[in-house]
Structures are given as C-alpha cells and as structure tokens.
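Both ligands and their constituent atoms are indexed starting at 1 by order of listing. Each residue takes its place number in the sequence, starting with 1.
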Amino acid sequence: MARSMEMRGITLVRDTNVPVYRQIYEHFRSAIRIGQLRPGDRLPSARRLAEEFATARGTIDAAYAMLAGEGYVVGRGPAGTIVSAGVGAVARDKGTKPAVHRSRVGAASSTGARLPGASNPRPFQLGLPSLDAFPRKIWSRVTARQVRELSVADMAYPDPTGFVPLRESIAAYLASARGIACTCEQIHITNGYQGALDLIVAVLLRRGDAAWIEDPCYPLAREALAAATASLRPIAVDSEGLRVADGVAQARRARLAVVTPSHQSPLGVTLSLPRRLALLAWASAADAFIVEDDYDGEFRYVGRPLPALKSVDHDDRVIYAGSFSKVLFPSLRLGYVVLPRRLIATFARVAQRRSHGVPALTQRAVAAFMTEGHFARHIRRMRNLYASRRRALADSLVAAFGDEIVVDLRHGGMHLIVRFRSRVSDSKLAKLAQAAGLAAEALSSRAVAQPCGQGLLLGFTNVAEKEAPVLCDQLVRAIGPLR
Ligand SMILES: Cc1ncc(COP(=O)(O)O)c(C=O)c1O
C-alpha cells in the first residue's frame, strides 16, 4: 500500500512511480486550471513547502519551474511565486490543454453535475470529442473562404429548415454511414440536439401528454421534456436497452419515446433487434413518435457501426436526431433531425416562428467541410484515436486501482464506467475527484426513478495515451481515503 501524506490540501504519495516533484506540479496545475488558484494568488514558499513535506528544496523548485515554464506561474523573487495574470491565454496559445476559469453562471445542473458548457474542459469530461485532434487549419481555411464568398443574398434570412447543400450532404452521409434512406426535404437543421428537442417538444407535446424517457438517461433530455410539462414516464434499461414491454405496460398511450439505441446514455448498451422491432410496433399501434438520439453512433470500436433504428422504420415513426457536437465540436451548436414526412411542414412553420433557423455561415462552413471530404476523414481518424485512448485509459485504470475496480467497457461511445468493489457511494467518489479537478461523474446521478447501479463515468476522448497513467494516479490520490 502506498504511503501518503496530506498538508495544505496536497496529498503526496511516496511509494509510487510518480515522482514527488510531478505530484506537486500536478496539484498546482489542476488547482489553477479549475480556478481554485486565480491570477495573482501566491503559491506557498518553496522553502516552507519543502520543510513541511520533509523533501528536498530542489524537488519543489523543479515543480515550480515546470509550472513557470508552461506559463502557469511567474517567479517574483522575494515576493514569491504568483499565478500568472494571463494564465488561460498562455496555456491555450501553447497548444496545451486550456486552463480552466471559475465559471460565473450555471456551474451545476439539476443533477449536481457541471453543465458541459459551464467551463473549459477538464480531464475525463463527458461528451466532448478530442478537441486537441481537430483539424483546425483545414477548418480555418474552409470557414475563411465562406466569409469571403458571402454574397448579398446570403446575408438575408436563412431558410428556417436549413441550408440546402448542407442538408444534401447530410442525406448522402446518412445513407452510407447509418443506413438511412431519406430525402433532403426530410432533413431539418437545428441548434444541436438540444435545439432539436425543443422543436420536437413544441411540435408534438401538449400539456399532460405522456413521454417515455430511458431510466437512467441524459439529464438535458429529461429537462427538456419536463419543461414541456409532459408527463414523464421513466422506463428501465437493461442489458438489451430500453425495456419496451415495461413502457407498453406503464404508458401505452404515450405520445413520444426518447431513446439512445446505438449506445444507451449513460450505460452504453445497444438496443437489441427484438426491442427495436417492439418499439417500432408500439409507436405504430399508439400513433406515437420515437426520438432516436444518435449522438455518438459513429464511434464503435468492435465491428462496424450498427445501422440506425431509423433505417428499419417502415411506418415513418422515428425522428432521427444527429449532432455535430461529437463528430466536429459542440460550440458549433449544430445538429439536425430526419423527419417523418407527415411532420415536415409543421416543423418548418414552428422553426420559422421560434428562431428562423440556424446561422447561415456555420451551415455553409460545415457543408463545405463535408463535400470536400474532410468530415469523413476526420471521423475515420477519430474512430481510431478513440479506440486507442479508450484502451489506454482502461489499462491505466486497472494498473492504478488493481482489483479494486471493474472497468465497464462497451463496444462504442465516448466514455467508460468504472465500478468500485467498495461500498462507498459513487457520488462521494465523484465529489472527491471533482475537487481535484477531474470531471468524473456519478452513474447514480443519471437515475430517474429506479437505481441504475454505482460507478464513475469517465470520458476518454480527451485523455491522451501518455497522460492516462498520470491522470489515473491523480484519481487514485483524489479518492484514495474513501475508495
Ligand atoms: C446523450 C446525448 N445526446 C446528445 C448530445 C448532444 O447534444 P448537443 O447537440 O445539444 O450538443 C449529447 C452531448 O453530450 C449527449 O450526451
């Protein structure tokens, strides 16, 4: 068992292969990144810290020198070592991970988890693609050209249903990548999945209408439905995905079912074929609609990506929702739905009344990115990268925790679940990890009406292979006392 020592909120583990200077460096770096230490704050004097930890002064100096070299701190001679004024900008300019600033608004969702957009990315953050691997040069070139070529006509109101060349590119992409046969007219561009859900709710749900939601589920989907005052019916998920028979038994006459068939969010299981067919049969019989949230269907590491539920939707009951948040990046706020034909006109009308569409420049840039072949290439590259990062994180977790954990590694998706053998609650573990600047989330926080088990949800897409062992050691230290 490793010996550890805690002082001033710094935990040092002695018998580990992470050197002490590295542990000190990591501690202050993450304190700066998550905003615990802010520009102008003073680090403890190197001499005093060395005395307190009974370590050599040179060890602390080495840690401070690394922080200074990366621009996190500046040495002010007798005045000490101070957190740099431009700490966020310095970290970003160097192409290292961006520094994190304390968020002023909306730091927590109703589930207690940080909203994805509330701060810059932290290690293990869920729902983010590998932002460090995005082809920024190509993207700049493509977007700059769109700005230059903007005509006067392009500056008028956009089509509320979306830019036609983008919709055509999406239809072609869905046919080959997701097995969906649809026309350009069926594609409606939205402000991400969140914008799609808002539209769906506005078009389809009336006060008191029942809607099925998976239990556990994606909290923002649940909130969007709850805001529509729909009567929410949480339906349990097992190893085959949504338990459709439970849904039929509990709320046969529901208007809507929101599901994540490719990789259930957050459990990662795939909706089995019999369940898919049962769900479609229920929707036809009940005159209901199904929202298929395919947020990360492209990312499958074992076998080929599964065809979408929409690809076997012969009665046109499925609203397929795709998002560019995972396949490109989330600040685009761009997504789309493939609509059943009977809903096309209503969606166009409601979209015009609500926001009159999505910014045209963004749509043009993404359309060009797709037609020039960058999109397909990027997804292929990311699938390979995520496969390696997923494996590296799983291996590093096992190396760091040994048989205290079981890593629940599904065939696809962008996160894994670590299940602990100890009986400590996952929300306590998640809080400790978050306090150390790690964005682990408790699986149990995703439950709606029934328990869904315990574990930590860890995103692997932003954990570089060589960083994985260091971050796992940090996680061990963060939750050490309780696990
Ligand atoms: C389950 C699920 N669906 C959809 C999305 C994408 O949402 P948006 O397009 O609004 O960014 C996410 C993002 O984290 C998600 O976790």
Taking only residues two or more places apart in sequence or in another chain, which ones pass side chain to side chain donor-acceptor pair (under 3.5 Å) with Ser140? none
Is the contact between Tyr295 and ligand 1 made by the side chain, the backbone, both, or neither, using heavy atoms and a 4.0 Å cut-off? side chain
When you look for heavy atoms under 4.0 Å from ligand 1, do you find them on the side chain of Pro330, its backbone, both, or neither? neither
Which ligand 1 atoms are under 4.0 Å away from a heavy-atom of [X]?
| X | value |
| --- | --- |
| Arg333 | 8 (P), 10 (O), 11 (O) |
| Asp293 | 1 (C), 2 (C), 3 (N), 4 (C) |
| Lys326 | 12 (C), 13 (C), 14 (O) |
| Ser265 | 1 (C) |

Can you list every salt bridge (Lys or Arg N to Asp or Glu O under 4.0 Å) pair that touches residues 186-214, not counting sequence neighbours? none
Does ligand 1 come near enough to Ser323 that some N or O of the ligand is less than 3.5 Å from an N or O of the residue? yes
For the residue pair Trp212 and Trp282, does the interplanar ring angle fall in the parallel (under 30°), tilted (30 to 60°) or perpendicular (over 60°) class? parallel
Parallel, tilted or perpendicular: ring planes of Phe369 versus His374, cut at 30 and 60 degrees: tilted
Asp395 with Arg390: basic N within carboxylate O range, under 4.0 Å: no
Verify the neighbour count for atom CZ of Arg253: are there more than 12 heavy atoms of other residues, nucleotides or ligands below 6.0 Å? no
